[in-house]
There are 2 protein chains.
Amino acid sequence: MTIKVIMQELSTSEENYIKAIYAIEQAERDTVSTNALAEQMQTKASSVTDMVKKLSAKSLITYEKYKGVTLTEEGIAIAIKLIRKHRLWETFLVEKLGFGWDEVHEIAEQLEHIQSSKLTQKLDAFLNYPKFDPHGDPIPNEDGVIHKNEKARNLSETDLQEAYIVIGVSDVSPSFLKYLDKNGINIGSKIKVLQRYDFDQSISIEFNGKEINLSKTAVQNITVIPN
Amino acid sequence: MTIKVIMQELSTSEENYIKAIYAIEQAERDTVSTNALAEQMQTKASSVTDMVKKLSAKSLITYEKYKGVTLTEEGIAIAIKLIRKHRLWETFLVEKLGFGWDEVHEIAEQLEHIQSSKLTQKLDAFLNYPKFDPHGDPIPNEDGVIHKNEKARNLSETDLQEAYIVIGVSDVSPSFLKYLDKNGINIGSKIKVLQRYDFDQSISIEFNGKEINLSKTAVQNITVIPN
DNA sequence: AATATATTTTAGGCAAGTCTAAAAATATTA
DNA sequence: TAATATTTTTAGACTTGCCTAAAATATATT
C-alpha cells in the first residue's frame, strides 16, 4: 500500500515566503526574525507578520510572537520541493534551451511555481536526473534528499586522477571563453585531473583523450563537480 | 533600427479574460456578451463587468455598456501570444517529456503565463519551429501569424494515395489511444491513404509498410497534414 | 405599445496581500 | 536599572478579483 500525503495548495506568495525562510535558516542557524524575512522578501515587517500568522495556522512554520519563526517538517519539505523545481528548470533552460547561466534565475523563479509533480518527475528524467544545477548547487531528489556533501568546487581544489564535470566559469571575459572554446571545453565537459604543477599552479587535464594544460588563472575560473 | 513595443504586464486573470474573449470571437463572429464571457470564465456576470472595465481602460478591448466587448489590435496580439505559448508548451510536454495528449492542457494553462519572450523563442527553436501542436491546432509564429491555410485536416477529408503526417487526435479516450498505440501510430507518424470504403466510412492506410484499417470513428478523430 | 423576461450594471461586501502609522515588546546602553 | 533604541505587532486602509442582491437597460411577447 502506498501512502499519499495530501499537500495543501499554496499561493505563489506563500511558497516564496517558505523558500525565503528556508534560505535564511540555511545561512544563519537560528530562528528567522521578522526583519530578516522582510529584507529577504523585499517587503515590510508588518506584511511579514500577517503572512507568518497564516503559514503558522497551516502548520508550515512554528511562530511565537516576537520570537521569530522556524519551518516545520512539512514546511521544509515544501521548500525543498521548490528548490528542486527551481534547479531542474534552470538546468533545462541552460542545457536544453541554451540560455546563459546568468539569465535563468528570474525565469526559474516563475517556473518553480507550476503545480504538477508528474511534470517535475518527467523533467527530471528528461534531464537525466542531474545532481547539480548550472550554478553548481545540488538538486534535491524526489524524496527530498540533497547531496550537500559533494558541492561544486573550484578546479584548483580537485583531487588528482579523479573525473569531474565542468559546470561553470566565473570569469566571463571573451578571451577566456574563446580560450576554452578553442579547446572544446564547455559546460558538461568531462575532464580528468592529471597533474598539478606547484611552481606556477597550473594543472594538466585530460579532455576528449587529449592532454590540455591550464594556467593558474584558467584553473581558478573553472568550477567542477565530481563525476 | 528596431522598434520595440513595450507591452504592459498583465495579471494571470487579465490574460485569461483576453484569451476567453479571443476564443469566443473566433467561434461566434460577433461582439462578446457579458454572459458568454461569464460562462467561458466560469464566473459571474458582475465579475465580468468589473474586469471588462479594467481591460477597456488598458485599451485591450473596446467596451460599450450593454453592448459587449471586442478585442483591440493590441488585445488580439496578446491573445495570440498566449495561444502560441500554450501550444508550444503542449508540444514540449508531449514530444519531449512524453506526456499523453490528454494530460497536457492543465499544465500548459499554467505555463502559458510565464513571462519571457526569449524563453518562448528558445522553446520554439528547441522544438524545431513546430507548426501544429499535439491536438492539431496551428501554432502562431513569433510575428503572430497563424498558418490556418487549411493544412491540418481530418483524416476523413484526405485524398487517396497521398502521404500525410499524423499531428493529433481529438478523441482522448484511453481506449482510442491504446488502439493507436497498438498499431504504433503516433504523432509524427507518416501514413498514406490507400482506400476509402463508403459503406462504413472506414479507410485503409499504409503505415510502416503495413496496411491498417481504421474505422469511421477512428478516422474522424485523427488529424493530419500533407507530407 | 405595454408588459414580461432576460441581460447587464451598480452597489456594497469579502479575502488575500500589501502598505503606513502608531502602539507594544524586546534589546541596548549609559 | 532606567532611559533609549530597535524590533515587532496591531490597527486601519488600499487594490485585485471575486461575490450577492438590487437596479437599470434591453429584448421578447402579447
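Lettering follows sequence order; numbering is per chain, from 1.
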Is there a side-chain contact between B:E109 and B:K19, using heavy atoms and a 4.5 Å cut-off? yes
Nearest-Å distance for atom pair [atom1]/[atom2], residues [X] and [N]:
X: B:K53; N: C:dT8; atom1: NZ; atom2: P; answer: 14 Å
X: A:D50; N: D:dT8; atom1: CG; atom2: C1'; answer: 12 Å
X: B:Y63; N: C:dT8; atom1: OH; atom2: C1'; answer: 7 Å
X: A:E64; N: C:dA24; atom1: CD; atom2: C1'; answer: 16 Å

When you look at NZ of A:K190, are more than 12 heavy atoms from neighbouring residues, nucleotides or ligands closer to it than 6.0 Å? no
No-hydrogen, no-angle side-chain donor-acceptor test under 3.5 Å, A:H113 and A:N16: yes
Between the side chains of B:R196 and B:T158, is a donor N or O closer than 3.5 angstrom to an acceptor N or O? yes
Using a 4.0 Å cut-off on heavy atoms, which residues in residues 11-43 of chain A reach DNA chain D? List them by number, or say none. A:S33, A:T34, A:N35
Here's one to test your reading of the geometry: is the NZ or CZ of A:K53 within 45 degrees of the ring axis of A:Y63 and under 6.0 Å from its centre? no
Is the positively charged end of A:K96 above the ring of B:F126, judged by distance under 6.0 angstrom from the centroid and angle within 45° of the axis? no
Nucleotides 24-29 of chain D: protein proximity per nucleotide (B base, S sugar-phosphate only, - neither; heavy atom, under 4.0 Å): BSS---
Counting only side-chain N and O atoms of A:T49, is one of them less than 4.0 Å from OP1 or OP2 of D:dT9? yes
Of all the choices, C:dT18, D:dA11, C:dT9, which nucleotide is nearest to the side chain of A:S46 once you look at every atom? D:dA11
Donor-acceptor pairs under 3.5 Å, side chain of residues 24-37 of chain A to any protein atom, not counting sequence neighbours: which ones?
residue, atom, partner, partner atom, Å
A:E25, OE2, A:L71, N, 2.8
A:S33, OG, A:A36, N, 3.0

Do A:H86 and A:H105 have ring centres separated by under 6.0 Å? yes
